[in-house]
Amino acid sequence: MSVRVGLALLKAELSKAWARPILEVTIALMAILSVASIRPLTEIYSQSDFSTAFQSIVAESVSATMTSLMLPLVLMCAVLMSLSFARDYESGLMQSLLSVPVSRSLFFTVKFVAVILPLALLSWFFSVFFVGITFYSSPWIVLQFSFYVLPVSVLALMFCGGIGVLVALLIKRTIPSVLTTLIANFFFWFICSMESEYVYRSFGANFANYVCLAPFKSSLVFLDKLLGIQHSVSSSLIDPLVSSFSVGSFGILVVFWACVLVVPMVVYFSRRFEICD
Amino acid sequence: MDCEIIGEFRSVTKRFGSAVALDGLSLKIYRGINGLIGPNGAGKTTAIRLSLGLIKADAGCAELFRFDCWNDSLVIRGRVGVLYEKLAFYDNLSGLEQLRLMAKLKGASDSVVKLRKLLCLVELDESVHGRRVGGYSAGMRQRLGLAQALLGNPELVILDEPTANLDPLNRVKILELITFLNKEHDISFLISSHILPELERVCDNFILMNKGKLLRQGSIVQMFEKTVTTKFIVRVQPVESVMVFLKDEAYVEDLAVIDDCLHVVVRDAVLFRKRLPLLVGQVGASLDEVRMVKSDLETVFKSTVEGA
Ligand SMILES: Nc1ncnc2c1ncn2[C@@H]1O[C@H](COP(=O)(O)OP(=O)(O)O)[C@@H](O)[C@H]1O
Ligand SMILES: [Mg+2]
């Protein structure tokens with residue numbers, strides 16, 4: 001019964017959140033940014049020490065694809081989630097929908113999934129496609145990658161969407177909450193895209209050490225670790241936390257980041273949140 | 001009037017920051033048609049939101065069907081249909097699709113044929129059923145909202161300013177529809193409106209509020225009980241002889257003949273209504289029509305709100 005209700009609502013939410021230009025714009029953004037991150041294979045063959053070079057290229061290429069994909073992903077997620085909650089609140093649609101016997105937690109979940117799921121699928125498609133192009137000679141890596149990347153991107157997007165919801169439910173106005181969320185998410189993405197060596201030089205070893213624990217960065221590190229990729233460049237210099245923590249610890253960290261905002265928001269929304277605009 | 005109580009507020013208080021939206025509001029919602037009357041900012045919409053569990057009372061107790069409005073709102077929402085002042089739909093869906101979605105959410109398994117019938121009942125023609133809701137006019141949206149509120153056999157339908165976007169002719173039609181639904185399908189209504197003459201015609205029970213407080217509650221007669229004066233237009237033949245008798249009645253404030261009709265201003269409307277037929281009988285005149293002046297609820301409204 002509630003599954004059927006959820007699906008009907010999901011369908012309507014999907015068609016609203018991804019109406020005409022939004023899906024197209026997202027796809028275009030992701031395509032452009034992931035094309036930009038393809039590495040030519042010739043780099044690999046011209047190296048003498050093949051396996052070390054391969055490792056390093058893999059590391060850079062996977063990270064680069066994911067990092068550049070992450071920008072449109074994170075920004076779209078933030079904008080859409082804020083829009084979805086703040087605009088519905090402002091327009092009165094939330095009020096109408098919560099006046100029929102639909103539980104608030106189901107409503108929240110459906111809205112959340114309607115934004116997260118297509119984004120995760122898009123990121124899965126694009127990253128597998130472009131990592132696949134780069135490493136078609138080693139299908140095992142591509143296969144592993146395609147297996148891990150979907151759940152990891154869902155988890156990463158949950159954090160990002162959590163920020164969107166948090167801001168939307170606090171500010172309750174469409175435009176301000178979209179802007180605030182954009183800034184917040186750009187900040188986290190920026191941390192993630194910073195080169196460790198750069199951080200090391202400008203902020204010191206301590207700080208550089210902790211960068212890998214930041215929300216988006218930790219999911220990239222987790223993905224690298226799942227694939228068994230070592231960053232050859234930076235190992236001597238920094239990142240002792242990256243190497244000393246196990247895959248499992250990073251897994252827990254990623255799940256922690258995914259839940260840290262979403263779970264309290266679900267509880268807040270279904271227990272306390274008041275709709276009175 | 002059927003006196004079965006289906007909802008009750010007991011000293012409900014709701015603050016928004018420093019603003020007090022509901023200030024110890026107590027009211028009863030009866031089976032039948034209830035009118036919720038108050039000037040802008042009186043707290044009507046707040047009371048409606050509270051009764052559907054969208055907001056939580058700071059103090060006091062609000063119940064519908066003996067269920068707590070906040071804790072058991074899911075049960076209440078299953079038995080109530082609502083039309084808000086602020087109309088919002090999935091604008092990319094067609095009218096029929098929107099209605100079908102809401103029917104699903106309400107757990108009503110209405111067929112498309114039945115849904116189309118419902119749309120026609122609120123006077124949305126077949127031709128617009130397939131059009132995007134985003135392209136609907138304000139009046140059409142209001143009708144769609146009303147259809148939505150009627151989905152799934154609700155026991156109580158709450159309408160917040162239901163005729164705001166309609167022209168006078170269509171207002172009358174909607175009010176006739178409300179009366180019809182109440183009579184034929186035993187659906188109770190709670191209607192908030194500031195257009196008083198309308199409510200005066202259809203409602204059994206009136207709830208008059210201002211600044212978050214209840215001023216008065218009761219039937220139309222009870223509404224007028226404590227008012228200072230009420231104006232009646234009486235069509236009677238012959239006018240003069242009745243007039244002579246009325247002059248001597250203690251409760252009559254003012255008398256005039258305009259266009260062959262007797263315009264009477266009285267202090268006690270109930271007594272007047274009781275006495276008039278007797279007087280007319282004594283004179284042997286024929287009473288054609290007794291009509292309270294249309295704006296009378298408005299007078300009550302004004303004097304009560306201002307007096308409070
Ligand atoms: N979300 C809110 N935040 C602050 N004040 C509010 C809010 N909603 C309502 N109010 C205040 O509560 C009072 C009652 O509002 P409302 O219930 O909308 O009145 P009505 O529907 O009778 O016109 C108003 O004074 C309004 O300013
Ligand atoms: Mg209102």
Side-chain angles (χ1 to χ4, degrees), chain A residues 1-23 80 83-111 114 169-170 172-174 267-277, chain B residues 14-16 19 21-22 43 45-58 70-93 97-98 100-109 132-134 141 144-145 148-149 151-152 154 158 160:
Chain A
M1 181 56 218
S2 89
V3 172
R4 232 193 59 191
V5 168
L7 285 179
L9 194 57
L10 182 64
K11 204 175 127 202
E13 276 295 324
L14 279 173
S15 72
K16 177 166 65 81
W18 297 92
R20 190 66 1 167
I22 294 176
L23 184 63
L80 292 181
L83 267 182
S84 179
F85 278 84
R87 192 178 50 187
D88 278 12
Y89 181 90
E90 228 174 9
S91 75
L93 188 57
M94 192 183 276
Q95 168 173 275
S96 293
L97 289 172
L98 288 179
S99 298
V100 295
V102 170
S103 76
R104 288 186 175 206
S105 46
L106 177 70
F107 179 78
F108 186 99
T109 312
V110 165
K111 277 183 109 46
L169 294 188
L170 284 182
K172 298 173 182 174
R173 294 281 168 272
T174 313
V267 173
Y268 170 67
F269 186 78
S270 46
R271 296 269 170 82
R272 293 223 66 92
F273 187 66
E274 301 198 320
I275 296 142
C276 52
D277 191 75
Chain B
K14 178 70 199 171
R15 288 185 199 85
F16 293 109
L22 298 181
T45 305
T46 306
I48 290 173
R49 286 195 181 117
L50 206 128
S51 66
L52 283 151
L54 291 177
I55 55 181
K56 189 173 193 277
D58 296 331
W70 175 258
N71 293 321
D72 307 319
S73 87
L74 212 55
V75 186
I76 291 174
R77 285 185 265 150
R79 298 167 68 167
V80 173
V82 60
L83 165 72
Y84 287 104
E85 224 173 339
K86 218 179 197 176
L87 295 155
F89 307 100
Y90 284 102
D91 286 339
N92 50 335
L93 299 184
E97 284 169 337
Q98 164 76 30
R100 218 165 79 190
L101 171 68
M102 291 314 262
K104 260 187 202 160
L105 298 188
K106 278 199 174 180
S109 51
R132 279 180 66 249
V133 179
R141 287 169 82 86
L144 181 60
Q148 215 169 266
L151 279 171
I158 300 179
D160 199 0

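First the proteins, then the strands, lettered A, B, ... as listed; each starts at 1.
- Heavy atoms closer than 4.5 Å to chain A are found in both the backbone and the side chain of B:Leu74.
- Of all non-hydrogen atoms in A:Val100 and B:Arg77, the two that sit nearest each other are O-NH1, 3.0 Å.
- Of the two parts of A:Arg20, neither the backbone nor the side chain holds a non-hydrogen atom closer than 4.5 Å to a non-hydrogen atom of chain B.
- Atom CZ in A:Phe107 sits 10.0 Å away from atom CG in B:Leu105 (nearest 0.5 Å).
- The contact between B:Phe89 and chain A is made entirely by backbone atoms, counting heavy-atom distances below 4.5 Å.
- Distance OG/A:Ser91 to CG/B:Leu87: 10.5 Å, rounded to 0.5 Å.
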Report task. Start with the C-alpha gap between B:Lys104 and A:Lys11, add the side-chain angles, then the distance that decides, and say whether side-chain contact (heavy atoms from CB on, under 4.5 Å) holds. Result -> CA-CA 12 Å; B:Lys104 260 187 202 160; A:Lys11 204 175 127 202; over 6 Å; no
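- If you take CZ on A:Arg272 and CD1 on B:Ile55, they are separated by 13.0 Å, rounding to the nearest 0.5 Å.
- Annotation for B:Arg100: atom CZ does not count as buried by contact number, only 12 or fewer foreign heavy atoms lying within 6.0 Å.
- B:Leu83 contributes atom CG, which lies 10.5 Å from atom OG of A:Ser99 (distance to the nearest 0.5 angstrom).
- The shortest non-hydrogen separation linking A:Glu13 to B:Tyr90 is OE2-OH, 2.7 Å.
- Counting all heavy atoms, side chain and backbone alike, B:Trp70 lies closest to A:Arg104 at CZ3-NH2, 4.1 Å.
- Shortest non-hydrogen contact noted between A:Ser96 and B:Ala88 is OG-O, 3.8 Å.
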Query raised in the report: So B:Thr46 and A:Cys276, side-chain contact (heavy atoms from CB on, under 4.5 Å) or not? Walk me through it.
Result: CA-CA 8 Å; B:Thr46 306; A:Cys276 52; over 6 Å; no
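- Residue contact with chain B, scored on non-hydrogen atoms closer than 4.5 Å, is absent for A:Ala19.
- Taking each heavy atom of B:Leu101 and A:Ala8 in turn, the nearest pair found is CD1-O, 3.5 Å.
- Using a distance-only test at 3.5 Å, with no hydrogens or angles considered, a donor-acceptor pair links the side chain of B:Lys86 to the main chain of A:Glu90.
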